[in-house]
Amino acid sequence: MALQQKGMHGAWVSRWTFIMAATGSAVGLGNMWKFPYVAGSNGGGAFVLMYLICILLIGVPVMMAEVMIGRHGRKSPINSVRDTVAESGADKRWGSLGWLGVVAGMLILSFYAVIAGWALGYIFEVASGNLIGANGASAGTVFENLLADPSRLVLWQTIFMLLCVGVVVGGVKKGLGVAVEILMPLLFLMMLVLLGFSVLKGNFAAAWAFLFDFDFAALNWRAVLEAMGQAFFTLSIGMGAIMAYGAYMPEKANIGKTILVVAFFDSAVAIISGLIIFSFVFATQGIEPSAGPGLMFISLPVAFGAMPGGVLIGSIFFVLVSIAAWSSAISLLEPCVAWLIETKNLDRVRANLMLAGFAWLLGLGSVFSFNIWSEYRLLGFTFFDFLDFLTANIMLPISGLMIALFVGYAMNKKLVEEQLEGTSQTVSSLWLFTVRNIAPVAIAAVFVMGIYDKFLS
Ligand code: PFF
């Protein structure tokens, strides 16, 4: 069967736009906020190496599989999966794959917007000069005050959500396509400027050693699992985003090469973010690289507050983080919007407002879990931690595992071959072997160990 050229939502104007969009989805809080602190808490270099291996061995093959389903179906993830399952004559239950991803995407969007809101708020916090000369304690107080104030959190969360709606309402070509073509080059440029600053004003050599001195003694099983989870989250795998974006990909684009470029950009941004953040952190006495989630919102502002020009550099930094989060969040909204348009005959504006409204409402739970609901527990978690755990540690691995198994074993071989057109025989066989054998075993291990770690150990 010939590939359909385009679905009802339109298509990216070129392979390059797909690369920018998928990179926009991939590069986000996961790279700039989470990667540095997870690397920091796991001893640096050895973790980074494991993370890169996971990206190549599991992330890239599963991401390719996800794009294949999307590009074959040319619809929202739910309908692309359903059609591909039907055409492959596979068990209907595989159809739950699309639902799982899209539901996980909406849940993630709800709390992602809250954290992205912190970054937006910090642009002004840093730009106002409030943090000049701050030490760990005073910067900690600024952060705690923000978290303790639901009205400020809701304000930033709302602004961020409106920014996302503003883009997705414009559709694939004029909304998402134009946004990523502007935002991504801007993001790369700002990143290079900050890298320059970090070389000139930070302790770049120490940051380099921290991320690239591979100390294998520091490597343990749990760190390997964290590296794998991080590889999934950062590549936006298992949540419908990449499948939806794949549905708008030009039919001639080579999936393997394209996804490798995206994975390269994504890892480069994570590592450069790590270099920038640790250069600044190591340049300031008394700040630990293993500061955890507070690294970006407490340790880094202390570093900015101590350096000449720190107000400007710090403001650029938080603009950069906000842009990265923005281009990721739009990819969480689009899959569901596309589905509502297809199946409920809604127009784009209404579909957007409904879904963003839903994610916003659910996000209030995360906002309140940092203040007025901080005492409430769901299975021992705060509301925010619960959603984070449910999506990242349960829904995402199951979804990734199902994608690998479906494309590896149940999807019609001819449909798979069509998607691999232009890819060499060696690469195709290597991909198939990985997606059938290596990825499922590795993902299952993450899943089992993640649950064991949390509840049984
Ligand atoms: N990859 C994004 C990040 O690293 O921040 C997060 C994300 C975006 C996850 C979109 C999933 C997704 F569908």
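Just so you know, ligand 1 is whichever comes first in the structure, and atom 1 is the first atom listed for that ligand. Computed from a predicted structure; not experimentally measured.
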If you measure every N/O of [X] against every N/O of ligand 1, is any gap under 3.5 Å?
X	result
G30	yes
L29	yes
F233	yes
S328	no

Give a yes/no verdict on whether any heavy atom in S331 is under 4.0 Å from an atom of ligand 1.
yes
Which residue and non-hydrogen atom of the protein lie closest to [atom], and at what distance in Å?
atom	value
atom 12 (C) of ligand 1	L332 CD2, 3.2 Å
atom 4 (O) of ligand 1	A26 O, 3.0 Å
atom 7 (C) of ligand 1	S236 OG, 3.6 Å

In terms of side-chain heavy atoms, does [X] have a donor or acceptor partner in [Y] at a distance below 3.5 Å?
X	Y	value
S369	S366	no
T158	W360	yes
D149	N371	no

Using every non-hydrogen atom in the two residues, find where V62 and A439 come nearest and quote the distance to one decimal.
CG2-CB, 3.9 Å
Output the list of atoms in ligand 1 that are nearer than 4.0 Å to some heavy atom of [X], sorted by atom number.
X	answer
T234	1 (N), 4 (O)
A241	13 (F)
S25	1 (N), 2 (C), 8 (C), 10 (C)
N31	4 (O)

Member of F143, F317, Y37, F304 meeting the ring pair (Phe, Tyr, Trp, His ring centres under 6.0 Å) criterion with F297:
F143
According to the interplanar angle, ranging from 0 to 90°, do the rings of H9 and Y248 count as parallel (below 30°), tilted (30 to 60°) or perpendicular (above 60°)?
perpendicular
Tell me whether the rings of F381 and F389 are parallel (<30°), tilted (30 to 60°) or perpendicular (>60°).
parallel
Distance (rounded to the nearest 0.5 Å) between S328 OG and Y112 OH
3.5 Å
Of the backbone atoms (N, CA, C, O) and the side-chain heavy atoms from C-beta on, which set of Y112 has a member under 4.0 Å from an atom of ligand 1: side chain, backbone, both, or neither?
side chain
Do the side chains of R15 and E251 get close enough for a salt bridge, i.e. N-O under 4.0 angstrom?
no
